[in-house]
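Right, one structure below, let's go through it.
Letters go in sequence order (proteins before strands), and every chain restarts at 1. Atoms considered below: every heavy atom in the structure, side chains included; atoms not considered: hydrogens, waters and symmetry mates.
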Number of protein chains: 2
Amino acid sequence: MSEKKRKAPKPGTPVRGSSTGRPVMVLIELLGRRWVLRILWELRGETPLTFRALQEACGGVSPSVLNARLADLRETGIAEHRDEEGYALTPMGRELLDKLMPLTGWAESWAQSLEK
Amino acid sequence: MSEKKRKAPKPGTPVRGSSTGRPVMVLIELLGRRWVLRILWELRGETPLTFRALQEACGGVSPSVLNARLADLRETGIAEHRDEEGYALTPMGRELLDKLMPLTGWAESWAQSLEK
DNA sequence: TCTTTCTGCTACTGAAAACGTAGCAATGAG
DNA sequence: CTCATTGCTACGTTTTCAGTAGCAGAAAGA
């Protein structure tokens, strides 16, 4: 064995361009990976989504990438897979999403300011 | 052809996996690009940063990518380049950053919950 | 003027990540 | 057994990123 390539960035672990592993840096690294924000967004509902439902919700993202991202989110305790139900956010992940929801409002006024 | 590839996603423009161009989707697409969140973060100070200073702040990100991301952020009215000063957030970009700052607190408790 | 030192980049090559499609093993229903 | 659905893995192609080199313009000094 040995170790497969480490994938999910965790607090305390150095990330690209920052050797400190400061939590906020690690979070920035994680959220900056393609599809991570989108997955969080699509998991905002109350009911879990199956792998394939989630894949479809993300516009047909390839299963390999989706699986990799879900692994990241599971390793970092943000999402989880519930047997017989599907993927859902953990309580911690739910709190993160709550912090991100205000972006919707900002995005709206952003759109308006750009269309002028 | 003629058109260079368009780069910055703007509200109203379809993005990967979502044809609607809904502002929040576009924002998710933009923030999900590598280095975008980090750049916002590094521009949180009051004084503008030069291209090179920003590059260093981002841990030596390659100039080609940095330039591409700055172009994205400028096209979308989030950052701007001020002559004789450097790169800084626009008022709109500053508001976006304000929405993101609470992530710091979340990241701290996230880190704690993981190290146990 | 001729360097030197900043500036904001562009160009290029190679590596890594993502895409897109196919398909497999496991489970459950009929 | 067949068929559908589940969560994926494999793999070849395309896109993106990384890493290094270097250029042109402005300013400053000798």
Side-chain angles (χ1 to χ4, degrees), chain A residues 1 3-9 14-19 25 28-40 42-43 47-75 79-89, chain B residues 1 3-9 13-19 25 28-39 42-43 47-75 79-89:
Chain A
M1 116 99 255
E3 288 261 349
K4 293 184 170 186
K5 291 179 194 168
R6 276 248 148 267
K7 317 248 311 212
V15 294
R16 258 194 302 265
S18 169
S19 54
M25 283 301 188
I28 282 173
E29 155 77 20
L30 179 60
L31 295 183
R33 294 184 178 186
R34 199 168 287 171
W35 295 112
V36 167
L37 281 169
R38 177 65 175 269
I39 290 169
L40 287 177
E42 298 300 345
L43 290 179
T47 57
L49 293 180
T50 67
F51 186 92
R52 282 164 198 257
L54 187 51
Q55 183 183 15
E56 197 168 341
C58 291
V61 54
S62 73
S64 43
V65 180
L66 177 58
N67 188 42
R69 291 300 160 265
L70 286 172
D72 293 345
L73 292 172
R74 285 197 278 184
E75 280 184 49
E80 63 188 352
H81 187 237
R82 300 177 189 161
D83 283 355
E84 310 292 307
E85 293 182 288
Y87 285 94
L89 296 177
Chain B
M1 89 112 133
E3 256 312 314
K4 295 182 171 186
K5 293 178 193 170
R6 274 255 143 263
K7 316 252 309 214
T13 307
V15 293
R16 257 194 303 264
S18 168
S19 55
M25 283 301 188
I28 282 173
E29 155 78 20
L30 179 61
L31 295 183
R33 293 184 178 187
R34 199 168 286 173
W35 295 112
V36 168
L37 280 169
R38 177 65 174 269
I39 291 168
E42 298 300 343
L43 290 179
T47 57
L49 294 180
T50 68
F51 186 92
R52 282 164 198 261
L54 187 52
Q55 184 184 13
E56 197 168 344
C58 290
V61 54
S62 73
S64 42
V65 179
L66 178 57
N67 189 42
R69 290 301 161 265
L70 285 171
D72 293 344
L73 292 172
R74 285 197 278 184
E75 281 183 49
E80 64 189 352
H81 186 237
R82 300 179 189 159
D83 285 354
E84 311 291 307
E85 293 182 288
Y87 285 94
L89 295 178

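- Using a 4.5 Å heavy-atom threshold, the side chains of A:Arg74 and A:Tyr87 count as touching.
- Partner of A:Leu70 under the side chain to side chain contact (heavy atoms under 4.5 Å, CB included) criterion, out of A:Leu54, A:Val65, A:Val36: A:Leu54 alone.
- Counting any heavy atom pair closer than 4.0 Å across all strands shown, B:Arg82 reaches no nucleic acid atom.
- Of the side-chain N and O atoms in B:Arg16, none sit less than 4.0 angstrom from OP1 or OP2 of C:dA18.
- Distance CD1/A:Ile39 to CZ/A:Arg33: 11.5 Å, rounded to 0.5 Å.
- Counting to the nearest Å, the P atom of D:dC8 and the CG atom of A:Asp83 are 10 Å from each other.
- Annotation: side chain of B:Leu30 is not in contact with side chain of B:Val15 (no heavy-atom distance under 4.5 Å).
- Here the nucleotide nearest the side chain of B:Arg69, chosen from C:dA18, D:dA18, D:dC17, is D:dC17.
- Under the 3.5 Å distance criterion, the side-chain polar atoms of A:Arg69 are matched with a main-chain donor or acceptor of A:Arg34.
- Looking at the side chain of B:Pro63, the nearest of the listed nucleotides C:dG20, C:dT10, C:dG8 is C:dT10.
- Atom CD1 of A:Ile39 and atom P of C:dA18 are 11 Å apart (whole Å).
- Whole-Å rounding puts the B:Leu66 CG to C:dT10 P distance at 11 Å.
- Among the heavy atoms of the strands lying under 4.0 Å from A:Thr50 are primed sugar atoms or P, OP1, OP2 only; no base atom is included.
- When distances are taken from the side chain of B:Tyr87 to each of C:dG8, C:dA22, C:dC19, the shortest belongs to C:dG8.
- Under 4.0 angstrom from either OP1 or OP2 of D:dT16 there lies no side-chain N or O belonging to B:Trp35.
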Working for side-chain contact (heavy atoms from CB on, under 4.5 Å), residues B:Phe51 and B:His81: CA-CA 9 Å; B:Phe51 186 92; B:His81 186 237; over 6 Å; no
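- The distance from atom NE2 of B:His81 to atom C1' of C:dG8 is 7 Å, rounded to the nearest whole Å.
- In this structure, A:Gln55 places its CD atom 15 Å from P of C:dA18, rounding to the nearest Å.
- When heavy atoms are screened at a 4.0 angstrom cut-off, A:Arg74 is found touching the sugar-phosphate backbone but no base atom.
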Sugar-phosphate atoms are those with a prime plus P, OP1 and OP2; base atoms are the rest. Using that split, label each nucleotide of nucleotides 25-30 of chain C B, S or - for protein heavy atoms under 4.0 Å, 5' to 3'. ------
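- Note: CD (A:Glu85) to P (D:dG7) measures 12 Å, nearest angstrom.
- With D:dC17, C:dT21, D:dC8 as the candidates, the nucleotide lying closest to the side chain of A:Asn67 is D:dC8.
- When the C1' atom of D:dT9 is taken as reference, atom CZ of A:Phe51 falls 10 Å away, rounded to whole Å.
- In this structure, B:Arg33 places its CZ atom 14 Å from P of D:dA18, rounding to the nearest Å.
- Looking at A:Glu56 and A:Arg52, no side-chain N of the basic residue comes within less than 4.0 Å of a carboxylate O on the acidic one, giving no salt bridge.
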